[in-house]
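Please read the structure below before turning to the comments.
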Amino acid sequence: MTSKIRAVDLLYGDSSVHGERIEVAPSISVSTTFRADPDELPLDAIDVQNPTRHVYSRYTQEVSTRVEHILGKILDGYVATYASGLAACFAALVYYKPKRVAIRGGYFGCHHTIEVYSKCKEIAVEIIDLEDEFKPGDLCWVETPVNPTGESRDIQYYADKIHQVGGKLVVDSTFAPPPLQYPYKFGADCILHAATKYIGGHSDLLAGVLVVKTKSEWSELQNNRTYMGTMMGSLESWLLLRSIRTFHLRIVHQSATATALVEWLVSLASTPKGSSFEGVPGGVLTKVFHSSLQEVDSRGFHPSQQMQGGWSATFAILLSSPEYAKALPHLTNYLVPATSLGSVESLIEYRARADPNEDPTLVRISIGVEDLEDLKADLGQAFRQCAEGTVDSI
């Protein structure tokens, strides 16, 4: 398994399909169809993973092919890209055809996608908890770190549990792309990334990724994708190709900044009302969630065993009232009040607006590429406004 991301893979990992081109930066290519050659092979004879020419963009297109080759090198497998993370989620369900899905919490969109998939079945797909007893035909779906708290779950434990009954494990590793976490090291059968988030990283594209271990698995995913029509658009593929050139620089910086910020916030959360920490009043922030703060669990698991390349750059905090939680995102200057995560801009969201089942005092924070001291100062002044009663005017 890859232990570190190599910049040469991000820049030149598509050389086998890129060829000898004069251009340095990849060109934008949005053509959906391509001039036929009189000696062209029939469609079923074309190597769609390494095409020498393109026929129709539903099958292959230069920019999407290049993206998949590069991502395959850093994600340690065969990569199929999709129009969104939820499209990738649906594709995994179509591929594995589960009788039951074991899942707990996490991104609400995945739960809704399972509901949509279930509508296509004569017998509804049963949802069970991760701690329930597994049976043959089950699919175990583990999101780790989990949305919105950024806390980790033990991949190896669930891999062993599901494999004992012959089932498969899908790991949604959106919150911890390489080099933070490599799910194949711990028994995953398939890895999902909402590439809209960290892999894309610029708040300007929708994309999803499934990573599988063999070419035969990839070929089936590619064929399914062709006829479900869920491939990435060519412009989005180009944007993703552009984004991954700086991926290794972004994710490491974001992780380090978030980890340091979490430490600072923990000190603030332990500051009682009436006291202050570094000029920020206590009593507004009550708790911080993050993988780095987890203790060893009853089975002996600690996230550091799994998050070997650093901690997630997304985490959550609890405030002392729903009013504070609703107001905080609109009191910051640098952290942008918006949904999503993983972008170069730090984002802050009152999560109950997106997920009504969420704790009404919870705020999710995704750290971007800003400097630590600027983010501390920004959150500090926002907490001060809360404590001073400024929220009444929002």
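Predicted, not measured: the structure shown is a model, and the values here were computed from it.
Around atom CZ of R299, more than 12 heavy atoms belonging to other residues, nucleotides or ligands sit under 6.0 Å away. No more than 12 heavy atoms of other residues, nucleotides or ligands sit less than 6.0 Å from atom CD of E133.
Considering only heavy atoms from C-beta on, M232 stays 4.5 Å or farther from E68 through its side chain. Proximity of D76 to K213: side-chain heavy atoms (C-beta onward) are nowhere separated by under 4.5 Å. Counting heavy atoms from C-beta on, the side chains of F108 and N357 never come closer than 4.5 Å. Within the 4.5 Å cutoff, the side chain of L221 has heavy atoms near those of the Y82 side chain. Between V67 and I70 the shortest side-chain heavy-atom distance does not fall below 4.5 Å. Between V252 and P179, the closest side-chain pair of non-hydrogen atoms falls below 4.5 Å. Within the 4.5 Å cutoff, no side-chain heavy atoms of Y107 are placed close to those of C89. When side chains are defined from C-beta on, T174 counts as touching L192, because their heavy atoms get closer than 4.5 Å.
Between the side chain of S84 and the main chain of L206, no donor-acceptor pair closer than 3.5 Å is present. Distance alone, capped at 3.5 Å, is enough to place a donor-acceptor pair between the Q61 side chain and the S29 backbone. A distance-only check finds no donor-acceptor pair linking the side chain of S255 to the backbone of I251 [under 3.5 Å]. Here the side chain of K99 pairs no donor or acceptor atom with the backbone of G137 at under 3.5 angstrom. Side chain of S346 to backbone of L335: no donor-acceptor contact under 3.5 angstrom is found. Put simply, the side chain of T332 never gets that close to the backbone of D378: no donor and acceptor are under 3.5 Å apart. Under the 3.5 Å distance criterion, the side-chain polar atoms of D297 are matched with a main-chain donor or acceptor of F301. Looking only at distances, no side-chain donor or acceptor of W218 sits under 3.5 Å from a matching main-chain atom of V212. Without hydrogens or angle criteria, R58 side chain to R225 main chain gives no donor-acceptor distance under 3.5 Å. The closest donor-acceptor contact from the side chain of H253 to the backbone of V369 lies under 3.5 Å.
With sequence neighbours excluded, no residue forms a salt bridge (Lys or Arg N to Asp or Glu O under 4.0 Å) with K161.
Under the 4.5 Å side-chain contact rule for hydrophobic residues, V262 and L375 share a cluster. Linking ILVMFWY side-chain heavy atoms closer than 4.5 Å, directly or via other members, places I365 and L362 in two distinct hydrophobic clusters. The cluster map of Ile, Leu, Val, Met, Phe, Trp and Tyr, joined by side-chain heavy atoms under 4.5 Å apart, puts V30 and L239 in the same cluster. There is a path of hydrophobic side-chain contacts, each under 4.5 Å, that joins V116 to I103. A continuous path of hydrophobic side-chain contacts links I367 to V280 [ILVMFWY only; heavy atoms under 4.5 Å].
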List the atom pairs, donor and acceptor, that lie under 3.5 Å between side-chain atoms in residues 163-171 and the rest of the protein, sequence neighbours left out.
residue, atom, partner, partner atom, Å
H163, ND1, A159, O, 3.0
H163, NE2, D189, OD1, 3.4
H163, NE2, D189, OD2, 2.7

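With H290 as reference, T259 is the one residue of T149, T259, I317 to meet the side chain to side chain contact (heavy atoms under 4.5 Å, CB included) rule.
Heavy atoms only, all atoms of each residue included: L130 and C140 are closest at CD2-SG, 3.7 Å. Between A207 and T196 the shortest heavy-atom distance is N-OG1, 2.9 Å. For the pair V125 and S118, the tightest heavy-atom approach, listed with the atom from each and the gap, is N-OG, 2.8 Å. Minimum heavy-atom separation, A269 to K287: CB-N, 4.1 Å. When all heavy atoms of C386 and V284 are compared, the closest pair comes out as CB-CG1, 3.9 Å. In this structure, Y350 and P329 approach most closely via the heavy-atom pair N-CG, 3.8 Å.
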If you apply the rule side chain to side chain contact (heavy atoms under 4.5 Å, CB included), what do you find for L10 with R245, and how did you get there?
CA-CA 5 Å; L10 298 174; R245 287 173 155 234; 5.6 Å; no

Can you list the steps and then say if W238 with S27 is a side chain to side chain contact (heavy atoms under 4.5 Å, CB included)?
CA-CA 8 Å; W238 179 84; S27 296; 5.8 Å; no

Would you check, one step at a time, whether the test side chain to side chain contact (heavy atoms under 4.5 Å, CB included) holds for Y117 with V101?
CA-CA 11 Å; Y117 172 77; V101 177; over 6 Å; no

Derivation and outcome, side chain to side chain contact (heavy atoms under 4.5 Å, CB included), residues F383 and L319
CA-CA 10 Å; F383 288 134; L319 303 188; 3.9 Å; yes

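Judged by the 6.0 Å distance and 45° axis criteria, R153 is not positioned over the aromatic ring of Y158.
Judged purely by distance below 3.5 Å, without hydrogens or angles, the side chains of Q181 and S173 pair a donor atom with an acceptor atom. Side chain to side chain, T257 and E370 fail the donor-acceptor criterion of an N or O pair below 3.5 Å. A side-chain donor-acceptor contact under 3.5 Å links E345 and S203. At a cut-off of 3.5 Å, with distance as the only test, a side-chain donor of E217 or T214 sits close to an acceptor on the other residue. Donor-acceptor pairing under 3.5 Å is lacking for the side chains of T314 and S312. S291 and S152 share a donor-acceptor pair across their side chains, judged by distance under 3.5 Å alone.
Between atom NZ of residue K197 and atom OG of residue S366 there is a gap of 9.5 Å, rounded to the nearest 0.5 Å. In this structure, H248 NE2 and I5 CD1 are separated by 8.0 Å, a value rounded to the nearest 0.5 Å. For the atom pair CZ (R66) and CG (L240), the distance works out to 12.5 Å, reported to the nearest 0.5 Å. For the atom pair OH of Y95 and CG of L139, the computed distance is 11.5 Å after rounding to the nearest 0.5 Å. To the nearest 0.5 Å, atom CD1 of residue I114 and atom CD of residue E126 are 12.5 Å apart. Residue T65 holds its OG1 atom at 8.5 Å from CG of N50, rounded to the nearest 0.5 Å.
Within the structure, every pair that satisfies the ring pair (Phe, Tyr, Trp, His ring centres under 6.0 Å) test and touches residues 53-72, not counting sequence neighbours, is listed here: F34-H54.
Taking the charged nitrogens against the carboxylate oxygens, R242 and D204 do have a contact shorter than 4.0 Å, which makes a salt bridge. Ion pairing between a basic and an acidic side chain is recognised when a charged N comes within 4.0 Å of a carboxylate O; E373 and K376 show such pairing.
Ring geometry for F277 against W264 counts as tilted: the plane angle lies between 30° and 60°, on a 0 to 90° scale.
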